[in-house]
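Remarks on the structure that follows.
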Amino acid sequence: MSDLQAAPSTRSIWSGRISIGLVNVPVKLYTMIKDQSFSFKLVRKDDACPLKYERVCTFDDKVIPWSDVGRAVEVRKGEFVVFTDEELQSLRPDSSKKIAINKFVPLNQVDRIFYDTSYILAPDKSDESYGLMLKAFIEKKLAGVGKFTLRTKEYPVIVYPYHDALILTTLRYGDEVVDPQSVKDIENVKDPSKEELKLALKIIDTLTRDFDIKDFKDTFREEVQKLVEKKMKGETIVVEEPKAEEVRGLMQALKETLSQMQQQ
Amino acid sequence: MKELTKVHFTNLDKILYPDLEITKAQVVEYYIRIAPRMLSFLKNRTLVRTRYPDGIDKEGFYEKDSPKGSPEWVKTFTKFSETSQKDTDYVICNDVDTLLWLANLAALELHIPLSKIPKTNAPDLLLFDLDPELPAGINEAVQTTFILKELLDGLGLKSYVKNSGKKGLHIIIPLIPQYSFDETKNFVHRIGEKLASKHGFIVSERKQTNIPGKVLIDYPQNSERSTMIAPYSLRATREATVSTPLEWTELTNLNPFNYNIFNLPKRETDPWKHLFDEPQKLPKID
């Protein structure tokens, strides 16, 4: 079974074309990363009446409809520069329906710390040109680098083959990532003694394994799901307290005591 | 967790000993670790507890009845309580789960009677409760203990000693449960009188309790309604001391603070391990 187990989307989120020089390949973009974080609906406790957010004026507490909402930048405390919709429109990047690739680099040259979100590129209309582009990428073992505007934001992107398809990964800008060496605490790290290092290396050696994403599971989501099913069947819920660190410690002690008593 | 214990732990991070910042989790862990050595002394005895739900700096309370909401699996024994003049469901702690359930209730101190159910009027333990009055202290209590042991040895009685976790000492003789509490009480009283007549710092009567510098051998503690602090029970003291069964050799340099929640689990000796192996008869004394 593949390590990638999220269900695919039935609808693409964008369609346009990849342009490499004079070649254009029509493509659709599918979501690849599916955040499964659980989020609760907010309701009134007593009767589970759902709540909604509203934009409220901070001066007179009146609810403001979307048609009256504008955008501004706070330049000093309490001082705003307001933009008109037209002004904003002119500032937004050109949302041309195009992923523009202007050079190719070895994939490992792209520091993975810049990787943001990945999308699946699928052929749109013409399967032929997509297959050709995919094959060429695989042969050259290179990643295409370019720019791409999704919704209202322009991203640096890389396009590269993965699992016999092309995928697009948006990147972070350089000014969005902090250099660890600029963190004060990191600057002051002291060198360990030889003995300490030896011990640490030994520990790491004994724990060296292959990485397997299946080692990890979001149990909170599963527990919530189980509880939901129970509640839907009308079962009463016995609230279990989380197994805090201290409970785990106690259980370890208890295990030892019980096995000691069995031996007696 | 369920498979290890039936106890549902709550508020484990609550501080029960504020001076040393000892949490309930630490108290529970102490009782887990000490259970193998402790349980035989609790077995089939009607337990009385002193509970400190808000820590030892706040008032604790004495509890005899099984508290409201006790789980079904907690064993109880119903008996008329002379002191409260009513039928009382005493908790019987014969297993680890009950001990940990009590610990979770912040029952720091566990007190046991000197007899077992169901024959609660026939003591299987005889107690010399040595209680020093300031400025007498642990040293005077120890001195009394040695004098007492010599006498008991002479009568052919094997005796056992523990500290109370406070300033006192307890000397115990395991008995065949064929005597009444009046008989054990009189025995202790007679011995007390003998020692008091020979040694000026020993007294045998409760009315002498408040005489400074004396050690009282408190014979009325040998009664059906009385209890003593259980071996290995924690005490509600600043240092989280433990009432600890001792080797006689340990008495020569005894500091009660050295027996506490931190070092008892690591202690390797178990001087009372065979206490119940040879119950004894009371000899005649003149």
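Each chain gets a letter, A, B and so on, in the order its sequence line appears, and its residues count up from 1.
- Within 6.0 Å of atom CD1 in Ile13(A), more than 12 heavy atoms from other residues, nucleotides or ligands are found, so the atom counts as buried in its surroundings.
- Heavy atoms from other residues, nucleotides or ligands lying under 6.0 Å from NZ of Lys41(A) number 12 at most.
- More than 12 non-hydrogen atoms from other residues, nucleotides or ligands lie less than 6.0 angstrom from CZ of Phe40(A).
- Of all the heavy atoms in Met251(A) and Leu4(B), the pair that sits closest is O-CD1, 3.6 Å.
- Residue contact with chain A, scored on non-hydrogen atoms closer than 4.5 Å, involves the side chain of Leu39(B) exclusively.
- For chain B, the nearby part of Leu258(A) is the side chain; its heavy atoms alone come within less than 4.5 Å.
- Counting non-hydrogen atoms of other residues, nucleotides and ligands closer than 6.0 Å to NZ of Lys79(B) gives a total above 12.
- Within a 6.0 Å radius of CG in Asn253(B), other residues, nucleotides and ligands contribute 12 heavy atoms or fewer.
- Residues Thr257(A) and Arg33(B) share a closest heavy-atom pair of OG1-CA, 3.8 Å.
- Taken from CG in Leu250(A) to OG1 in Thr5(B), the straight-line distance is 10.0 Å, to the nearest 0.5 Å.
- Heavy atoms closer than 4.5 Å to chain B are found nowhere in Gln252(A), neither backbone nor side chain.
- Residue-environment remark: CD (Gln36(A)) exceeds the threshold of 12 foreign heavy atoms within 6.0 Å.
- Both the backbone and the side chain of Val28(B) come within contact range of chain A, each with at least one heavy atom under 4.5 Å from a heavy atom of that chain.
- Dense packing is recorded around CD of Glu187(A), with more than 12 heavy atoms of other residues, nucleotides or ligands lying under 6.0 Å away.
- Annotation: Arg55(A), atom CZ; neighbour count of heavy atoms from other residues, nucleotides and ligands within 6.0 Å is above 12.
- Contacts between residues 98-114 of chain B and chain A, defined by a heavy-atom separation under 4.5 Å, are made by Leu100(B).
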